[in-house]
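Step one of this worksheet: look at the structure below.
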Amino acid sequence: MDMGGGGEVNNTKILDELFENCVGNTQIFDDREVLRHDYLPDKLPHRGEQIKSLGQTVAPVLKGARCSNIFLYGKTGTGKTAVTKYVLNYLETKAKEFNAPCKVCYVNCRFAGTPYRVFARLCQSLGVFVPFTGLSVGEVFDRFRTGLDGSRVVFIVVLDEVDLLMKTRGDSVLYELTRINEMLCNSKVSLVGISNDLRLKEFLDPRVLSSLSEEEIVFRPYDAGELRNILFERAQLAFREGVLSDGALSLCAALAAAEHGDARRALDLLRVAGEVAERKGVDVIVEEHVREAERRIEHNRVTEALRNATLHSKLVILTLFHLSKAGVRRAITGQIYELYNELCGELGVTPLTQRRVSTLVNELDAIGLLNARVVSMGRYGRTKKIRLEVTRTLVRKVFGDDNRIGCLVKYASKCLSKRTRDGS
DNA sequence: CGTCCACAGGAATGACGGGCGG
DNA sequence: CCGCCCGTCATTCCTGTGGACG
């Protein structure tokens, strides 16, 4: 009782301090929302050309005509989504002004990752009710079509990150949408496809390709100077005056430019650097804070990825952890599968097949937790060489908290050392 | 120059928990 | 309640392959 009461007082004190710091400590930020990537600024520096092209393409909509389908290519953080939203938002307000019946539906294929969900999303934007599961894809598509035809509009469908949908589900959605106009009497559909992958064309059915790529816009990565300008514009709104040092600004731009010219990355760096400075209680953001931000972002990313991995993915990581501890820098598939099996046995979990583990390895490679590359060892077959890309300390720390497999962090080293003795 | 290792990775299929309309 | 379809994860079966070795 007494202990509880004492703790409470202490906790309140801690929280008070924390909250007051947060409220009182406004010498860094004016409005940090401006630095989030879903924020749409009213100026988009260095994208005038793209805005113009997209505007030209969609302009016929204001006369009630269907506009050409258009495809936007470019790496992440090159402003594709921002330009699209910017132009289409404006188009919608203009359409209202001119009484042109037009509607825009924005679908992010990362979140609507299946044909069903894409069509369901389109239905929803038309006010047509569909359950989130239970119907056949064809049924949802039909509802969308009839709903659309009834509403007598030019309907612009934006499919963002459409490459993700293509790679896992093929081009059936795009195929249906490019052909839908043949079945409509009162409405028309135009497509805006946005892809992060410049090679997407290679995966497309030629019929889809020709109708989809009536127009194309390529978004080049920003260079360091352009990123600097973008950051500068945002920093004006985000930070109080004089908070951001010139050096910190340039460093954010330079780091992001070195990666892909990714503006999102640059903004993240700037925001986190601001938070670092805020927490330190200083009132100027300097280069060191940006460096710290870089480390922190990476650390968070990896920790989250490790923590959120599925049981078997964790076991694969753990296998690599033990192999690397035993001095195996680059393990091959066979080695991994063998030890993985053993770990599963120890946990009382039925192991997955080697085929499945192989795709898990590929997935982990894609996230960057490990590095896998196929090599041929000639006579001795063809395999993947796999290396852990995370420090063992971090693995130990994150998995140590996981009560399910935490025990294995220590255990397996025994059976591994036994095996290496037997082997040699 | 062919063989053959040790897998890679595609395709088809199945199991499962969930939700629908009738 | 049934029969059907959904998406997800996993299995099974399969064909493909780079290059050291003989």
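Numbers restart at 1 for each chain; the letters A, B, ... are given by sequence-line order, proteins then strands. Since this is a predicted model, take the numbers as computed values, not measurements.
- Distance CZ (A:Arg356) to C1' (C:dC13): 17 Å, rounded to an integer number of Å.
- Taking every side-chain heavy atom of A:Leu352 into account, C:dA10 is the closest of C:dA10, B:dA8, C:dT12.
- In this structure, A:Phe141 and A:Phe144 have tilted ring planes: the angle between them lies in the 30° to 60° band.
- The interatomic distance linking A:Ile336 (CD1) with B:dA6 (C1') rounds to 14 Å, in whole Å.
- Geometrically, A:Arg36 does not engage A:Tyr39 in a cation-pi contact, judged by NZ or CZ lying under 6.0 Å from the ring centre and within 45° of the ring axis.
- Contacts of A:Phe219 classified as ring pair (Phe, Tyr, Trp, His ring centres under 6.0 Å), with partners at least two apart in sequence or in another chain: none.
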Would you tabulate the nitrogen or oxygen pairs shorter than 3.5 Å linking the protein to nucleotides 15-17 of chain C?
unit_1, atom_1, unit_2, atom_2, d
C:dG16, N2, A:Arg382, NH1, 3.4

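- Between the CG atom of A:Leu360 and the P atom of C:dT8 there is a distance of 16 Å, rounded to whole Å.
- Residue A:Asn362 has no polar side-chain atom (N or O) positioned under 4.0 Å from OP1 or OP2 of B:dA8.
- Of the possible donor and acceptor atoms, none in the side chain of A:Ser313 sits under 3.5 Å from a partner among the backbone N and O of A:Ala309.
- Looking only at distances, no side-chain donor or acceptor of A:Asn371 sits under 3.5 Å from a matching main-chain atom of A:Arg387.
- With A:Tyr106 as the aromatic partner, A:Lys85 meets the cation-pi criteria of under 6.0 angstrom to the ring centre and within 45 degrees of the ring axis.
- In this structure, CZ of A:Phe119 is placed 13 Å from P of C:dC6, rounded to the nearest angstrom.
- Under a 3.5 Å cut-off, the side chain of A:Asp149 and the backbone N or O of A:Asn186 do form a donor-acceptor pair.
- With hydrogens and angles ignored, the 3.5 Å screen pairs a side-chain donor or acceptor of A:Thr146 with a backbone N or O of A:Asp142.
- Applying the side-chain contact (heavy atoms from CB on, under 4.5 Å) rule to A:Ala256 yields the partners A:Leu227, A:Arg265, A:Ala266; only residues at least two apart in sequence or on another chain are considered.
- Dashed line: the shortest gap from a side-chain N or O of A:Lys384 to OP1 or OP2 of B:dG9 is under 4.0 Å.
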Can you name the atoms? Protein N/O to nucleotides 20-22 of chain C N/O, anything below 3.5 Å, with the distance.
unit_1, atom_1, unit_2, atom_2, d
C:dA20, O4', A:Arg379, N, 3.3

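- What separates CD of A:Gln335 from C1' of B:dA6 is a distance of 13 Å, to the nearest Å.
- A:Arg373 has no side-chain polar atom (N or O) that falls below the 4.0 Å cut-off from OP1 or OP2 of B:dC7.
- Rounded to an integer number of Å, the gap from NE2 of A:His312 to P of C:dT11 is 8 Å.
- Using a cut-off of 4.0 Å between Lys/Arg side-chain N and Asp/Glu carboxylate O, A:Glu233 and A:Arg228 are scored as not salt-bridged.
- Residue A:Thr333 places at least one side-chain N or O under 4.0 Å from the OP1 or OP2 atom of B:dA8.
- Distance A:Ile386 CD1 to B:dA8 C1': 11 Å, rounded to the nearest Å.
- The residues A:Arg329 and A:Glu389 are annotated as not salt-bridged, no charged nitrogen and carboxylate oxygen being separated by less than 4.0 angstrom.
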How does protein contact run along nucleotides 11-17 of chain B, one letter per nucleotide 5' to 3', with B for base contact, S for sugar-phosphate only, - for none, heavy atoms under 4.0 Å? -------

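- In this structure A:Glu226 satisfies the side-chain contact (heavy atoms from CB on, under 4.5 Å) test together with A:His46, A:Tyr222, A:Asp223, sequence neighbours excluded.
- Using a 4.0 Å cut-off, some side-chain N or O of A:Thr353 falls inside it from OP1 or OP2 of C:dT11.
- With rounding to whole Å, A:Tyr337 atom OH is found 11 Å from C:dT11 atom C1'.
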